[in-house]
Amino acid sequence: MRPKIIAGNWKMFKTPEESKDLINGIKIKLTVPLGNTKVIVCPPFTSLSLVQALLTGSSIALGAQNMYLEDEGAFTGEISPKMLRSVGCTYVILGHSERRQYFNETNEFINRKARKALSSGLTPIICVGETLEQREKNITDQIVTTQVKGVLREISSSEVENLIIAYEPIWAIGTGKTATPAQAQEVHLLIRKIIGQTYSWATAEKVVIQYGGSVKPENSRELLTQSDIDGALVGGACLKAESFVTIVENAILTSKK
Ligand code: PGA
């Protein structure tokens, strides 16, 4: 059975001092056994070391929000997979819509970074999703298919089992508008079918597909009960320990069913 994976994308929030408070709050509030649920926090680069130290002995994993595709070199302002590993990261978010929108990241570039992450021992959380305009034009399937095929290019079937796809409709990110559980499930199933056609159905069944976009304690339970929704990538609601932990608890409850 696929695990449920809840990841908190802290985005460009939290100084080291604030990060300390948030992670301590999560640790104090998260008292139930995780079971088949995994929890990941993705603070900004400047808080990674500190959060890693505070996570010692806990089962919460550490992720970054981006990386470059070389181990080292003259790439001013970039952070390498080797550096992320050295501070204890095991996950990295790649191709978030904000990276695509503000930093012009393409499927091809995201694919190169995903391959580098996999060969560096990092599990990439690769984001895909359509804009409101694309949804209204009824081209969501086409857009998501192109994105999924593009980001998975030249990734082997054994590797694809070790990555996470996050479906994040752009119109639902930070807007308070969530895809309905049925709308999300439909795209998740499409993504699983694309993976099934590209690899095999057995492989597709193993891939974790998270939903992201205004996930909150109130809507998380219903979203997480959908058969192809295997977790959540949480933005706004992960910045408060209480709401993040409630979402994790809902994931634990739904994975017991
Ligand atoms: P949100 O962000 O939960 O604030 O909508 C999700 C994301 O961008 O990963």
Side-chain angles (χ1 to χ4, degrees), residues 4-14 18-19 22 26 38-45 47-48 51 60-67 89 91-105 107 110 113-114 117 122-132 134-135 140 143-144 147-148 151 163-181 183-185 187-188 191 208-224 226 229-251:
K4 286 271 195 296
I5 305 186
I6 305 297
N9 173 10
W10 297 15
K11 305 195 180 184
M12 201 173 70
F13 291 98
K14 307 290 177 191
E18 292 163 347
S19 301
L22 177 55
I26 294 171
K38 292 187 189 173
V39 182
I40 308 162
V41 288
C42 303
F45 292 135
S47 292
L48 287 173
V51 171
I60 300 173
L62 187 66
Q65 300 171 21
N66 183 32
M67 57 164 234
C89 288
Y91 293 85
V92 61
I93 300 171
L94 295 178
H96 189 279
S97 64
E98 288 147 17
R99 304 271 344 148
R100 291 175 185 261
Q101 184 184 348
Y102 304 124
F103 304 96
N104 303 320
E105 293 199 6
N107 290 326
I110 296 159
K113 295 211 270 189
L122 289 164
T123 300
I125 301 175
I126 310 174
C127 305
V128 298
E130 81 287 0
T131 61
L132 183 59
Q134 289 161 340
R135 176 156 287 264
T140 297
I143 295 294
V144 171
Q147 289 175 333
V148 172
V151 297
L163 56 76
I164 298 172
I165 304 273
Y167 168 59
E168 299 205 305
I170 295 168
W171 48 271
I173 296 178
T175 58
K177 284 186 200 162
T178 330
T180 63
Q183 274 174 328
Q185 165 58 25
V187 182
H188 280 237
I191 295 171
V208 168
I209 308 175
Q210 291 178 320
Y211 171 78
S214 298
V215 175
K216 298 184 273 283
E218 307 84 64
N219 59 25
S220 55
R221 193 130 165 210
E222 213 190 330
L223 284 161
L224 291 165
Q226 303 299 309
I229 300 186
D230 310 315
L233 182 54
V234 186
C238 82
L239 298 173
K240 291 220 163 65
E242 194 168 352
S243 48
F244 186 61
V245 169
T246 307
I247 295 169
V248 172
E249 287 167 348
N250 283 338

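Numbers for residues simply follow the sequence, beginning at 1. In each ligand, atom 1 is the first atom listed, and ligand 1 is the first ligand listed.
A donor-acceptor contact under 3.5 angstrom links the side chains of Tyr167 and Glu130, judged on distance only. With 3.5 Å as the limit, one finds a donor-acceptor pair spanning the side chains of Ser47 and Ser19.
Residues Leu132 and Ile170 have side chains not in contact (no heavy-atom distance under 4.5 Å, counting atoms from C-beta outward). Counting only heavy atoms from C-beta outward, the side chains of Tyr91 and Leu122 never approach each other to under 4.5 Å. Between Glu98 and Ile173, some side-chain heavy-atom pair lies under the 4.5 Å cut-off.
Within the 4.0 Å heavy-atom criterion, both parts of Ile173, backbone and side chain, lie near ligand 1. At a 4.0 Å heavy-atom cut-off, ligand 1 touches Ala172 through the backbone alone.
Residue Gly212 places every heavy atom at 4.0 Å or more from ligand 1. The shell of residues lying under 4.0 angstrom from ligand 1, judged by heavy atoms, includes Ser214. Residue contact annotation: Lys216 has no non-hydrogen atom under 4.0 Å from ligand 1.
Formation of a donor-acceptor pair under 3.5 Å by the Tyr102 side chain with backbone atoms of Ser97 is not found in this model. Remark: side-chain polar atoms of Gln183 are paired, donor with acceptor, to backbone N or O of Thr180 under 3.5 angstrom.
With ligand atoms numbered from 1 in the order given, ligand 1 contributes 7 (C), 8 (O), 9 (O) to contacts under 4.0 Å with heavy atoms of His96. Close approach of ligand 1 to Asn9 (heavy-atom distance below 4.0 Å) involves ligand atoms 9 (O). For ligand 1 and Gly235, the ligand atoms under 4.0 Å from any heavy atom of the residue are 1 (P), 2 (O), 3 (O), 4 (O), 6 (C). With ligand atoms numbered from 1 in the order given, ligand 1 contributes 5 (O) to contacts under 4.0 Å with heavy atoms of Gly213. Per-residue contacts place Lys11 under 4.0 angstrom from the following atoms of ligand 1 (heavy atoms of the residue considered): 2 (O), 7 (C), 8 (O).
Between the choices Gly8, Ala7, Gly174, the shortest heavy-atom distance to atom 5 (O) of ligand 1 belongs to Gly174.
When each of Leu233, Val41, Leu224 is tested with Ile6 by the rule side chain to side chain contact (heavy atoms under 4.5 Å, CB included), just one qualifies, namely Leu224.
Scanning the protein for heavy atoms near atom 7 (C) of ligand 1, the closest one is Glu168 OE2, 3.1 Å.
Polar contact with ligand 1: present for Gly236 (N/O pair, distance under 3.5 Å). Ligand 1 has no N or O atom lying under 3.5 Å from any N or O atom of Thr175, backbone or side chain.
The existence of a salt bridge linking Arg100 and Glu105 is excluded, since no basic side-chain nitrogen approaches an acidic carboxylate oxygen closer than 4.0 Å.
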